[in-house]
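A quick note: this is a predicted structure, and the numbers were derived from the prediction, not measured.
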Amino acid sequence: MSALSAFDGLTGGLPARDWDDLAGNRLYSSHDWLRFCATDVGGRTATGAVHADGAAVSVTAVAEEPNPFYRWHTQLTSRGLPAPQAAGLLVGQRRGYQTHLLTRDGVSVESAAPALLDGVRRLGAELAGSELLPDAAPGSVPCVASFLGTPDVLALRSAGVEAMPVLLTTDAWVSVPAGGWPEWLRTLPSKGRRDSVKQEVKAFGAAGYEITQAPLAECYRQAAELLADTQKRYGHAYDTAVLTESFRLQGAAMGAKAQVLFCGRPGEAAVGFCLFYIHGDTLFVRAVGFDYERLVRGAAEYFNLVYYAPVRIAAEHGLRWIHPGIESPDAKALRGARLRPLWLLDLSQDSVLTGHGDEIRAHNAAQLGRLADISPAVAKALELDLCAPFC
């Protein structure tokens, strides 16, 4: 059977229910999320999956990808590191900033990694010149995983990957204790931090704000406009029409799971939004945006909408975690997040990164040092045991 059968449907021919049994608590590996990735605007890509006995990993044939976080050529060259050609096989899905090797109960990642690695490499060898990557250079195309956690990297390295992984960023996870809001406050690192949070909650209420909730499918235009305001404020390129269509497609793919919190005064347009998902034991914060010109000085709209309201919602649903994702490590660490490393790993047999281990390790150590220098809170929140193997 051709390795290209990996693109027989979103999951390489595996029924959606069976795939979701493998994906478990991992929202960004779920069948519905893959459906969004396959339909999202921009780029020329195809979504599929590589299978092994009791294991699988999502893959994406990438001819063009507009998101710079998922362009391995951009990520590596910006770090001064060798980079493979831009077109190739992304190991993982193209949205979400998490990639996982999936295994059924009783199958370890370590035991599954060799077969998955072999399947990925065989697929890479067949993709060049295919209808999915017609312009790729002859020979096996690059096979690159982005946003892998340390356990999966270790398993793939043990399976035969020679390239050293490159530290991309950190992934924030906030533990939600059984006691809910009061117990979560007690987990913060100091009385001063707890008092600051209480003051931010009080200021938010004093500004007259209320928080409302709606399905993304019913409010994607409003959310997109607020996200565009945020992109504009920070100088990022944006197209409101593209953001609107992407949110529409996300709402269509994810259904009622895609929920949006809005903050605003009664009778007035919302000044901020937070798109979130409840999946398994985790509340995933997916996107946020604000109309900054209408915010009230000192009212802490961002923190109330993105952290404090989700803590209460997570507690009400008996969840264990809030996942605020990548970026802004200081704000997240100050609110109790632990910061785990996410890696880029070139799985290609002839990786251009092979032989550059010392250079990559030095880069990783320097980036980790820069993170720790942001603040004492970030330094304390970094899970250094997960960084140590490659720094």
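Residues Trp184 and Leu305 are members of one and the same hydrophobic cluster, defined by side-chain heavy-atom contacts under 4.5 angstrom among Ile, Leu, Val, Met, Phe, Trp and Tyr. Grouping the Ile, Leu, Val, Met, Phe, Trp and Tyr side chains by contacts below 4.5 angstrom, directly or via other members, places Leu226 apart from Leu295. Clustering ILVMFWY residues whenever any of their side-chain heavy atoms sit less than 4.5 angstrom apart, transitively, puts Val296 in a cluster other than the one holding Phe273. Following chains of ILVMFWY side-chain contacts shorter than 4.5 Å, one cannot reach Val306 starting from Phe284, and the two form parts of different hydrophobic clusters. By the criterion of side-chain heavy atoms lying less than 4.5 angstrom apart, applied directly or through intervening Ile, Leu, Val, Met, Phe, Trp or Tyr residues, Val260 is grouped together with Tyr220 in one hydrophobic cluster.
In this structure, His323 has its ring center under 6.0 Å from that of Trp173. Checked against the 6.0 Å centroid threshold, Tyr28 and Tyr97 do not count as a close aromatic pair.
Glu126 and Arg121 are not joined by a salt bridge, as no carboxylate oxygen comes within less than 4.0 angstrom of a charged side-chain nitrogen. Arg17 and Asp21 are not joined by a salt bridge, as no carboxylate oxygen comes within less than 4.0 angstrom of a charged side-chain nitrogen. For the pair Glu65 and Arg95, the salt-bridge criterion is met [side-chain N within less than 4.0 Å of a carboxylate O]. For the pair Lys191 and Asp195, the salt-bridge criterion is met [side-chain N within less than 4.0 Å of a carboxylate O]. A salt bridge is absent between Lys232 and Asp229; no separation between the charged side-chain nitrogens and carboxylate oxygens falls under 4.0 Å.
With contacts defined as side-chain heavy-atom distances shorter than 4.5 Å, the pair His51/Leu14 qualifies. Taking 4.5 Å as the limit, every side-chain heavy atom of Val153 sits out of range of all side-chain heavy atoms of Val161. The side-chain heavy atoms of Leu342 and Ile326, taken from C-beta on, include a pair separated by under 4.5 Å.
Proximity of a side-chain donor or acceptor of Arg286 to a complementary backbone N or O of Leu275 within less than 3.5 Å is not detected. Looking only at distances, a side-chain donor or acceptor of His279 sits under 3.5 Å from a matching main-chain atom of Gly24. A donor-acceptor pair under 3.5 Å links the side-chain atoms of Thr150 to the main chain of Leu386, judged by distance alone. Judged by distance alone, with hydrogens and angles left aside, the side-chain atoms of Ser348 form a donor-acceptor pair with the main-chain N or O of Cys143 at under 3.5 Å. In this structure a side-chain-to-backbone donor-acceptor pair under 3.5 Å is missing from Trp19 to Gly12. Between the side chain of Glu210 and the backbone N or O of Gly264, no donor-acceptor pair lies under 3.5 Å. Between the side chain of Ser5 and the main chain of Asp8, no donor-acceptor pair closer than 3.5 Å is present. Judged purely by atom type and a 3.5 angstrom limit, Ser146 has no side-chain atom pairing as donor or acceptor with the backbone of Trp343. Remark: the backbone N or O of Pro341 is not paired with any side-chain donor or acceptor of Asp171 at under 3.5 angstrom. Formation of a donor-acceptor pair under 3.5 Å by the His317 side chain with backbone atoms of Ile313 is found in this model.
Within the cation-pi definition used here (under 6.0 Å to the ring centroid, within 45° of the axis), Arg361 does not qualify as a partner of Phe390. Arg94 forms no cation-pi arrangement with Tyr70, by the criterion of a distance under 6.0 Å to the ring centre and an angle within 45° of the ring axis. Cation-pi contact between Arg79 and Trp72: absent, since separation from the ring centre below 6.0 Å together with deviation from the ring axis within 45° is not met.
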